[in-house]
Structure formats: C-alpha cells, structure tokens
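Remember, it's a predicted structure, so these values are computed and weren't measured experimentally. Counting starts at 1 for both ligands and their atoms, following the listed order. For reference, positions follow the sequence shown, starting with 1.
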Amino acid sequence: MQVSGYLKLSVAVAVATIAMKTGAWWLTGSVSLLSDALESLVNLAGASFALLMVNVAAMPADDDYPYGHHKAEYFSSGFEGGLILVAALAIIWAAVQRLITPQPLEQLGWGLALTVLSSAMNAALAWAMLRKAHAVRSMALEGDARHLITDVWTSAGVVLGLLAVAATGWLWLDPLVAMLVAANIVREGFSLMRRSVDGLMDRALEPPVQALIEKTLDGFRHPALRFDHISTRRAGARRFVDLHMHMPGGWSLARAAALRTNVEQALMSAVPGLRATIQLLPSDVETQFDDTRDHPL
Ligand SMILES: [Zn+2]
C-alpha cells in the first residue's frame with residue numbers, strides 16, 4: 001500500500017473511532033469519554049492535513065502559483081488548530097459543571113468496551129503505519145502514526161480513570177481526567193496553530209538543518225570565496241536557502257557557474273528537499289537590496 005493509502009485508511013479509522021467514542025460518551029454520560037472522543041478529532045485533523053500535504057504539495061507549480069503549492073497545508077492546520085482549541089475549552093467548561101454537580105455514570109461496561117475496541121484498532125494501524133514510514137522515510141506518515149499512539153495512551157488513561165470511578169464511586173475522577181485530556185488537546189491545538197504561523201511567517205529552518213547547510217558550505221571555503229546573506233525558510237515539505245557566493249571579479253562566468261552548480265548539488269544532497277538560490281557576486285560588491293536593507297521603501 002502507498003503512503004497516501006495509509007493516510008486515507010487512517011482518516012477512515014479516525015472517523016470510525018470518533019463514532020465509537022462518541023457512542024461510549026452517549027451511553028455512559030462520562031465527560032472523560034467525551035474528551036477522549038475529541039482527542040480523536042485531533043487525529044482526524046492531523047490525518048486529513050497530512051493527506052492534504054501529500055496531495056497538494058505534489059501539485060506542480062503553474063502560471064498562477066509559480067512557487068508551487070506547498071503552503072496550502074498552513075491554512076488547514078491554522079483552521080483546525082483553532083477549532084480544536086474551541087472544542088477543548090468547551091470540554092473544560094463541561095467538566096467544571098460536572099465537578100460542581102456530579103452525575104452517576106451509566107452502562108460503563110459498554111462504554112469501556114467501545115473505547116478499548118477503538119483503541120486496539122488505532123494501535124494496530126499505528127504499528128502498520130510506523131513500519132511503512134520507516135521503510136519509505138515518510139515524515140508525514142510517521143507524524144500521523146505518533147499522533148495515533150498518543151491517542152491510544154490517552155484512552156488508556158481514561159479507561160483507568162473510569163475503572164477507578166467504578167471501584168471507588170468517586171464521581172469527581174471523571175471530570176478531572178476529562179480536564180487533563182482537554183489540557184493536552186489545548187497543547188496540540190496550539191502546536192497546530194504555531195506550525196501554521198511559522199509557515200506563513202517564513203520561519204527559518206531548524207538549527208540542525210542550518211548547521212548542516214553551514215557545514216556543507218564549509219567544504220567549499222577558500223580564501224578567494226565568501227558565502228554570506230544566508231537565509232532559510234520552509235514551505236510544507238519543501239525547504240529553501242538563499243545565499244550570496246562572492247568570488248574574485250576576474251573569474252570567468254563559466255568558472256563561477258560551474259562552482260555554483262557544485263555548491264547547489266552538495267546542498268541538495270546534504271538536505272533532502274532543499275532548493276538553493278545562489279547569487280554570484282564579485283568579492284567587493286554587495287547587492288542593492290542588502291545595502292539598503294535598513295531603509296525599507
Ligand atoms: Zn553578500
């Protein structure tokens with residue numbers, strides 16, 4: 001099965017999980033099961049935008065979008081992150097109400113059975129996805145699988161909490177567990193939104209990747225050669241670096257261009273998915289843009 005096939009399967013499993021967990025909440029009236037169902041909504045959001053990322057990012061650049069379609073995912077992650085935050089706040093509100101006026105849980109056995117069954121389904125899928133992700137080195141697939149595993153742990157915590165309620169009769173445990181799950185969902189919602197902001201604001205690549213770029217350029221260091229004005233950014237799975245390559249003004253254009261090709265190839269093989277834009281400049285000349293960078297128009 002292809003990576004996009006696994007992602008589609010994971011969307012289908014997420015929909016089934018949400019249905020089963022919502023059923024478990026409806027049967028029992030437990031707010032922690034409701035928050036567990038919401039956690040699965042986070043997975044659905046994660047799986048659908050991983051799918052979007054794989055499909056939309058693969059669209060070639062065209063006349064209207066000459067830089068490609070890599071940024072499409074940021075719209076969905078920002079929107080989904082916002083939705084998830086609102087839903088998590090609603091859960092916290094419901095849990096606080098339940099703390100103030102506790103209610104007995106009903107049909108706990110059926111609710112727990114549905115939750116355990118859906119978690120087993122998720123665990124099996126996550127295991128298969130992780131194997132495939134390692135085989136083809138797909139970050140989108142691995143991220144989605146790790147998310148599923150987190151969800152399985154959350155469900156395990158909710159099940160333990162409800163078993164404790166059944167054993168002790170402490171009804172306040174249910175809203176307490178719900179609030180812990182909701183806090184985790186808030187965290188995930190923020191990280192989805194931050195991802196979207198980072199992308200739209202052209203945040204620099206991660207320090208290890210920047211170090212890798214520096215190290216690659218170091219391989220070309222030469223007294224007559226200088227690299228400066230290095231800036232990096234990311235657009236979805238695509239990574240970009242812009243830099244200047246300064247060299248003696250007497251070098252022929254052919255010699256300079258040949259060296260640039262070597263640098264480009266070294267950068268691309270060091271960092272997968274990297275696009276390098278290298279300006280060729282004489283040693284003593286800077287670009288107008290950089291001379292006037294402190295005086296914007
Ligand atoms: Zn420069």
- [ ] Fit a plane to each ring of F227 and F220, take the angle between them on a 0 to 90° scale, and name the class: parallel (under 30°), tilted (30 to 60°) or perpendicular (over 60°).
- [x] perpendicular
Task: Gap between atom OG1 of T232 and atom CG of L274 - 0.5 Å precision - done: 9.0 Å
- [ ] Output the atom name for the N/O/S atom of H246 with the smallest distance to the Zn ion (ligand 1).
- [x] NE2
Open item on the list: As a test of reading the structure, name the N/O/S atom of H244 that is nearest the Zn ion (ligand 1).
Closed with: ND1
Task: Metal site angle (apex the Zn ion (ligand 1)), OE2 from E286 and OD1 from D228, 10 degrees - done: 120°
- [ ] Is it possible for you to say whether L85 and V31 belong to one hydrophobic cluster, with membership spreading through side-chain heavy-atom contacts below 4.5 Å?
- [x] no
Task: Short N-O contact, D218 and K215, less than 4.0 angstrom - done: no
